[in-house]
Amino acid sequence: MQHKYPNLCKPITLGRVTFRNRMFAAPMGGTDITADCCVGPRTPGFYEMRAKGGAAAVTASELVVHPATDASHMFHLDLKTPGCLASWTFLADAVRRHGAIPSVELSHSGQYAGTYLVDKDKKKGLSQFGPSDWTRPDGIPVKALTKEQIADIVKAYGETAGLAKRAGFEMVMVHAGHGWLINQFLSPAFNHRTDEYGGDFENRIRLAREILTSVREAVGPGFPIELRMSGSELFDGGYDLEGGIQIAQALEDLVDLIHVSAGSYQFGFFDTHLPMFAEHGRNVYLAAEIKKHVKKPVATVGALNDPAQMEEIIASGKADVVEMARALLADPNLPNKIAAGREDEIVRCLRCFTCMAERPTTGTRRCTVNPIIGREIEGMEVEPAPKSKKVVVAGGGVGGMKAAITAAQRGHKVVLFEKSDKLGGILKSEQAIPFKYEMYQLSLTYARMLEVEGVDVRLNTPATPDAIEAEKPDALILAVGSKPIVPPLPGLDGDNVVVVNDYYLEKGKVKDTVVVLGGGLAGCECAVHLGMEGKKVHLVEMRDSLAVDCNIRHRPILMKQVEQYTETHLCYQGLRVAPEGLYCKDADGKEVLVPGETIVCAVGQRANRDDVDALRACAPFVREIGDCVRPSNITNAVYQAYHAALDI
């Protein structure tokens, strides 16, 4: 078979281990950690799914090597805790049996111990250790490690690597980037020691060399060691790309793969974990430049999910391996789809940060577009139904499409009614906002999957009781969505007003000065987009804060964009629309004008409950999903849709 993306599909040998392709699953922390920091029962499936999906290597994260100085509630591996080694063995088995190479990330948080604790107050009670005494910007004090502690940490890296090999892992990754302990010693911003571990470069590199030497002695020759490093710290005072090159050159004799990431946790989280506002592969240049100066293979990472882009990275010599984390949560089968030439069926990561927000919020994992993530133990495959049934899905938005696809995969005969001339529902409105285009692209992917699964899609067909009953369905899934709320303000029906859902249809109506009425997630993102286009944007919100419906990872970067591109007016209540703008009542009860030639109405959505009430008696089995239950988000719509289809 001739691969469309031959370089991505080409094997690579590191040490004495051959990997089946150039697509690796980058580290992402597991879904459940036991109270004694062992691998929980749900975690092996979390990694196994990416192995089944075709990734060449799957790296479990993060394994803390020295709990005495890193009291984070993350994975441990020791022989003292009953069942701990066994739990890691089951994890390695789960990856290896699908032909992928199991790897594990050896880590020490250093001065950022406790970062992922759900109980944030507990973090303040931990002892954070680093290269030097100082107080973090968030007020947490850091203690300098003693030389005795350093020696014990170095020893622990080797011991843990040896145990990982014993458990069945065939590669280890040493985490020396992102502001974690090894990076803290490498960084001139953090390392102010005056002994042999601080000062000039030779001293700052010493800990990394000692750790890698300890690991090599434990795992032996030919066992691949991957070094994860920041190609540049990307903040004032940290090392730059030239420093990254120097680090890679100084360590390459001890490793088999140099994994070049970017940034530092507290000063550049969104340099490491690129948000939807950043271009895909923004950090590839770091790997490409470092590759010119080293002899060992180089991996690159950072918002990569497009097969053509990744193929070009390998083909042009920018890197030897591409690594993906969030992309393989969204679609674990991405590598298999690339190998089979089915790239039009790839479900793209939305970079919405749901996966990363869930960890510090609930201690679990969740993905907006993959309802199985974190719940793999409940079943990784859509199982055939015992009996094929007739299923009608009312509504062709994201929830309706996901329900129809899943029901068809189970062997049911599915008819989908959509009243408009296009599928996608509210996702159609995202096509006009470049940084949200992948949400619109999701609707195109789902439309393709409907075709592949043989769903009978009927556009321009309202889901009326007569139309549904004529199909004599065994089951009905109601995904009739919501409609935008348009408050009864004088003038809000004027020609200078655009409802945010219709922006993609009426983009030409929007003038150079705009007032966005509504500071929820949709309003904020639309306002940012308009500001990026060079318009003068005023954002009006009646509450005292913006985007309260936004997750804790996406919201900080969104607020930075709002600050950059808009002028915000909080505690402003809209009164009436006029040609010169929006008249509001401020927090003091005074009437004020917010000037703008165009008003964009983005005050929220209201569930289509009347449609639900009209259709709920049209089949023996009826399930309501998505916005018609309560306006929410893509995550809930997809999750509810998937499980509604499983229940039939």
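Computed from a predicted model, the values in this text were never measured in an experiment.
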K.L.:
What is the distance from atom CE of Met380 to atom CD1 of Ile373, rounded to the nearest 0.5 Å?
P.N.:
10.0 Å

K.L.:
By the ring-ring contact (aromatic ring centres under 6.0 Å, His included) test, which pairs, at least two apart or in different chains, include something from residues 302-321?
P.N.:
none

K.L.:
For residues 345-357, which residue pairs qualify under salt bridge (Lys or Arg N to Asp or Glu O under 4.0 Å), counting only residues two or more places apart or in two chains?
P.N.:
Asp306-Arg348, Arg342-Glu345

K.L.:
Could you give the distance from CE (Met401) to CG (Leu442), rounded to the nearest 0.5 Å?
P.N.:
6.5 Å

K.L.:
Would one find more than 12 heavy atoms of other residues, nucleotides or ligands at under 6.0 Å from atom NZ of Lys560?
P.N.:
no

K.L.:
Check for me whether Arg282 meets the cation-pi criterion with Tyr285, that is, NZ or CZ under 6.0 Å from the six-membered ring centre and within 45 degrees of the ring axis.
P.N.:
no

K.L.:
Does a side-chain heavy-atom distance below 4.5 Å link Pro484 with Val500?
P.N.:
no

K.L.:
Would you say His259 and Glu323 are linked by a side-chain donor-acceptor pair, where the criterion is simply a distance under 3.5 Å?
P.N.:
yes

K.L.:
Applying the side-chain hydrogen bond (donor to acceptor under 3.5 Å, both in side chains) test to Lys52, which of Glu376, Glu381, His98 qualifies?
P.N.:
Glu381

K.L.:
May I ask you to decide if the ring planes of His643 and Tyr639 are parallel, tilted or perpendicular, using 30° and 60° as cut-offs?
P.N.:
tilted

K.L.:
Of all residues at least two apart in sequence or in a different chain, which pass the ring-ring contact (aromatic ring centres under 6.0 Å, His included) check with His178?
P.N.:
His175

K.L.:
Report the relative orientation of the aromatic rings in Phe435 and Phe277; use parallel for angles under 30°, tilted for 30 to 60°, perpendicular for over 60°.
P.N.:
tilted

K.L.:
Looking at CG of Leu350 and CE of Met276, how far apart are the two atoms once the value is rounded to the nearest 0.5 Å?
P.N.:
7.0 Å

K.L.:
I'd like to check Arg365 versus Glu358 (side-chain heavy atoms, cut-off strictly below 4.5 Å). Are they in contact?
P.N.:
no

K.L.:
Under the salt bridge (Lys or Arg N to Asp or Glu O under 4.0 Å) rule, what pairs show up with a residue in residues 228-241, not counting sequence neighbours?
P.N.:
Glu105-Arg228

K.L.:
I'd like to check the ring-ring contact (aromatic ring centres under 6.0 Å, His included) partners of Tyr239; sequence neighbours left out, ordered by chain and number.
P.N.:
none

K.L.:
What pairs with Asp344 under salt bridge (charged side-chain N to carboxylate O under 4.0 Å, His left out), at least two apart in sequence or on another chain?
P.N.:
Arg448

K.L.:
Verify whether one side chain among Thr31 and Thr364 offers a donor that lies under 3.5 Å from an acceptor in the other.
P.N.:
no

K.L.:
Do any pairs count as a ring-ring contact (aromatic ring centres under 6.0 Å, His included) and have a residue in residues 329-364, sequence neighbours left out, and if so which ones?
P.N.:
Phe270-Phe353

K.L.:
Going by the rule salt bridge (charged side-chain N to carboxylate O under 4.0 Å, His left out), which residues pair with Lys4 if we only count those two or more places apart in sequence or in a different chain?
P.N.:
Glu343

K.L.:
Could you name each residue pair satisfying salt bridge (Lys or Arg N to Asp or Glu O under 4.0 Å) that touches residues 420-430, not counting sequence neighbours?
P.N.:
Glu430-Lys436

K.L.:
Are there more than 12 heavy atoms of other residues, nucleotides or ligands under 6.0 Å from atom CD of Glu563?
P.N.:
no

K.L.:
Do the side chain of Tyr47 and the main chain of Met28 share a donor and acceptor less than 3.5 angstrom apart?
P.N.:
yes

K.L.:
Looking at residues at least two apart in the chain, or sitting in another chain, which of them share a ring-ring contact (aromatic ring centres under 6.0 Å, His included) with His529?
P.N.:
Tyr503

K.L.:
Name all residues meeting the side chain to side chain donor-acceptor pair (under 3.5 Å) criterion together with Thr568; count only those two or more places apart in sequence or in a different chain, and write none if there are none.
P.N.:
Thr566

K.L.:
Got Pro224 and Leu257 here, is their nearest side-chain heavy-atom distance under 4.5 Å?
P.N.:
no

K.L.:
Quick one: list whatever passes ring-ring contact (aromatic ring centres under 6.0 Å, His included) with Tyr565, sequence neighbours left out.
P.N.:
none

K.L.:
Roughly how far, to the nearest 0.5 Å, is the CG atom of Leu329 from the CE atom of Met49?
P.N.:
9.5 Å

K.L.:
Tell me, do Pro335 and Arg50 make a side-chain contact under 4.5 Å, heavy atoms counted?
P.N.:
no

